[in-house]
Number of protein chains: 2
Amino acid sequence: MPATPTADLDSLTPGARRILDTASRLFYEQGIHAVGVDTIAAESGVTKRTLYDRFGSKDGLVTAYLRSRDRRWRSMIEARLGEAGADPLPRILAPFDVLPLWLDECTRGCSFINAFGELHDGDHPGRDVIVEEKTWLLDHFRTSLTQAGIVEPEPLAVQLLSLHEGAIVAYSITSAAGAAEAAHAAARSLVELALTSQGTR
Amino acid sequence: MPATPTADLDSLTPGARRILDTASRLFYEQGIHAVGVDTIAAESGVTKRTLYDRFGSKDGLVTAYLRSRDRRWRSMIEARLGEAGADPLPRILAPFDVLPLWLDECTRGCSFINAFGELHDGDHPGRDVIVEEKTWLLDHFRTSLTQAGIVEPEPLAVQLLSLHEGAIVAYSITSAAGAAEAAHAAARSLVELALTSQGTR
DNA sequence: AGGCAACTTCACAGATCAGTGTACCAAGGA
DNA sequence: TCCTTGGTACACTGATCTGTGAAGTTGCCT
């Protein structure tokens, strides 16, 4: 039994691994409140007792679900960032490069946005994970824009964040074809516009 | 008793009105699955029997909630469209003019996006309302862009939709200041860019 | 006077919810 | 050999969930 009931994602027992995988799938497909712990345990081939021994509570499992999802997404971005090197523009646009891949498995919307709508409780630990994820992305835009020489990055960073999040929403609800590519192109235009208009001032 | 159990928003009895108002508030604040019909009835000062007599089921009430929200939002846009006249640019940007007002009451995100994440059931009538709302907005951008002389409006329409939806998400999760204004400015830039680059081609 | 619409009261059904207690078992390391 | 870890089996609690049935009340319209 782990010392803390909040599971460490790096050292999951085989049962815990299966529970988290099953829960991730069901939470994403059906919503967090719509899925019961009995269902998760049954579909994981595990008893409810094991679930509670590993994750402490349903809220603990929800938080682990969000943390693992966050980690996977960030590792995708960081891999792209590694390829991008020191060039500022590719660094700024890295999240938009990853977006088509991410959207492939996000046909039911962004797991974070969906969860945020369900977790009304202001002090639910899962909310922090979500806010942190979006804040991290906003920080990434702000930092990389500054590195590119944009002196007032704030409004542009917010615009890029909006484009990024909106593309996921637009794609999942209206099935708009090429939403990721369109968002990528718009992001590039806005950044280039900011660079040139700043240079010619 | 209305002939159809799916309520007509224009002819609600006093009790039904109170039920819908209470349900709208609770659904939005806490999430659809997190609120029970007992709570809604109690807080409306009405019995559960009345709720079921007026709306048929919880799903019926959810659908009425989404339809009334959709109607109010659309009327805001159409009012702005009336002020805009025949000028193409203000017509395109009308949704972004309304956005700051809409965001004032959307501190917990977009009710449609939130509901879409909770309504996993593919044939839930509420899903149609949500898809229709976003599709309507996409259509508005496409149509008004065409009227402005943009020959290939599709990618730009998707970009504007993404900006619009993303601004709501960014504002509600990261509390990004001026998200609506930033999205408005970005939308204007993208449209103007499309108009000039097309003109000089 | 009659009828209908809106609504109340209240008990009840059947399912599902998160979470717990107790006892047991198998494998691996000290 | 003993202890720990990871798990099983299963019954159970108490709350909450959506939804129904039957009978009664109030007030307006004709």
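Being a predicted model, the structure only gives us computed values, none of them experimental. The chains referred to below are lettered A, B, ... by the order of the sequence lines, with proteins before strands, and numbering in each begins at 1.
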All N/O contacts under 3.5 Å from nucleotides 26-30 of chain D to the protein, with atom names and distances to one decimal?
none

Please list, pair by pair, any protein nitrogen or oxygen found under 3.5 Å from a nitrogen or oxygen in nucleotides 16-25 of chain D.
from, atom 1, to, atom 2, distance (Å)
dT18(D), OP1, K58(B), NZ, 2.8
dT18(D), OP2, V37(B), N, 2.9
dG19(D), OP2, Y52(B), OH, 3.1
dG19(D), OP2, K58(B), N, 2.9
dG19(D), N7, K48(B), NZ, 3.1
dG19(D), O6, K48(B), NZ, 2.4
dG21(D), N7, R49(B), NE, 3.1
dG21(D), N7, R49(B), NH2, 3.3
dG21(D), O6, R49(B), NE, 3.3

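In this structure, the CG atom of D53(A) is 13 Å from the P atom of dG19(C), given to the nearest Å. Summarising the geometry, the separation between CG on L26(A) and C1' on dA18(C) is reported as 17 Å, rounded to the nearest angstrom. The nearest whole Å value for the distance from the CD1 atom in I40(A) to the P atom in dG19(C) is 11 Å. Straight-line distance from the CD1 atom of I19(A) to the C1' atom of dG7(D): 10 Å, rounded to whole Å. Computed from coordinates, the L12(A) CG to dG7(D) C1' distance equals 15 Å when rounded to whole Å. Across the protein-nucleic acid pair, R17(B) atom CZ and dA5(C) atom C1' stand 19 Å apart, rounded to whole Å. The CG atom of L51(B) sits 16 Å away from the C1' atom of dT9(C) (whole-angstrom rounding).
Checked by atom type and distance alone, the side chain of E118(A) pairs as donor or acceptor with a backbone atom of H33(A) at under 3.5 Å.
For F27(A), the ring pair (Phe, Tyr, Trp, His ring centres under 6.0 Å) criterion is met by Y65(A), not counting sequence neighbours. Applying the ring pair (Phe, Tyr, Trp, His ring centres under 6.0 Å) criterion to F116(A), with sequence neighbours excluded, gives no partner residue. Taking A182(B) as the reference, V158(A), Q159(A) meet the side chain to side chain contact (heavy atoms under 4.5 Å, CB included) condition, with sequence neighbours excluded. Not a single ring pair (Phe, Tyr, Trp, His ring centres under 6.0 Å) links Y28(B) to another residue, sequence neighbours left out.
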Donor-acceptor pairs under 3.5 Å, side chain of residues 87-96 of chain A to any protein atom, not counting sequence neighbours: which ones?
from, atom 1, to, atom 2, distance (Å)
R91(A), NH1, G85(A), O, 2.7

Side-chain donor-acceptor distances from residues 36-47 of chain B under 3.5 Å, at least two apart:
from, atom 1, to, atom 2, distance (Å)
D38(B), OD2, K48(B), NZ, 3.3
E43(B), OE1, R25(B), NH2, 3.1
S44(B), OG, T22(B), OG1, 3.2
S44(B), OG, I40(B), O, 2.5
T47(B), OG1, T50(B), OG1, 3.1

Side-chain donor/acceptor pairs under 3.5 Å, residues 97-104 of chain A, sequence neighbours excluded:
from, atom 1, to, atom 2, distance (Å)
D97(A), OD1, H184(A), NE2, 2.8
D97(A), OD2, R80(A), NE, 3.1
D97(A), OD2, R80(A), NH2, 3.3

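Within the 4.0 angstrom heavy-atom criterion, base atoms lie near T50(A).
Annotation for L61(B) and A23(B): closest pair CD2-CB, 3.8 Å, computed over non-hydrogen atoms.
Put simply, T13(B) has a side-chain N or O that comes within less than 4.0 Å of OP1 or OP2 on dC7(C).
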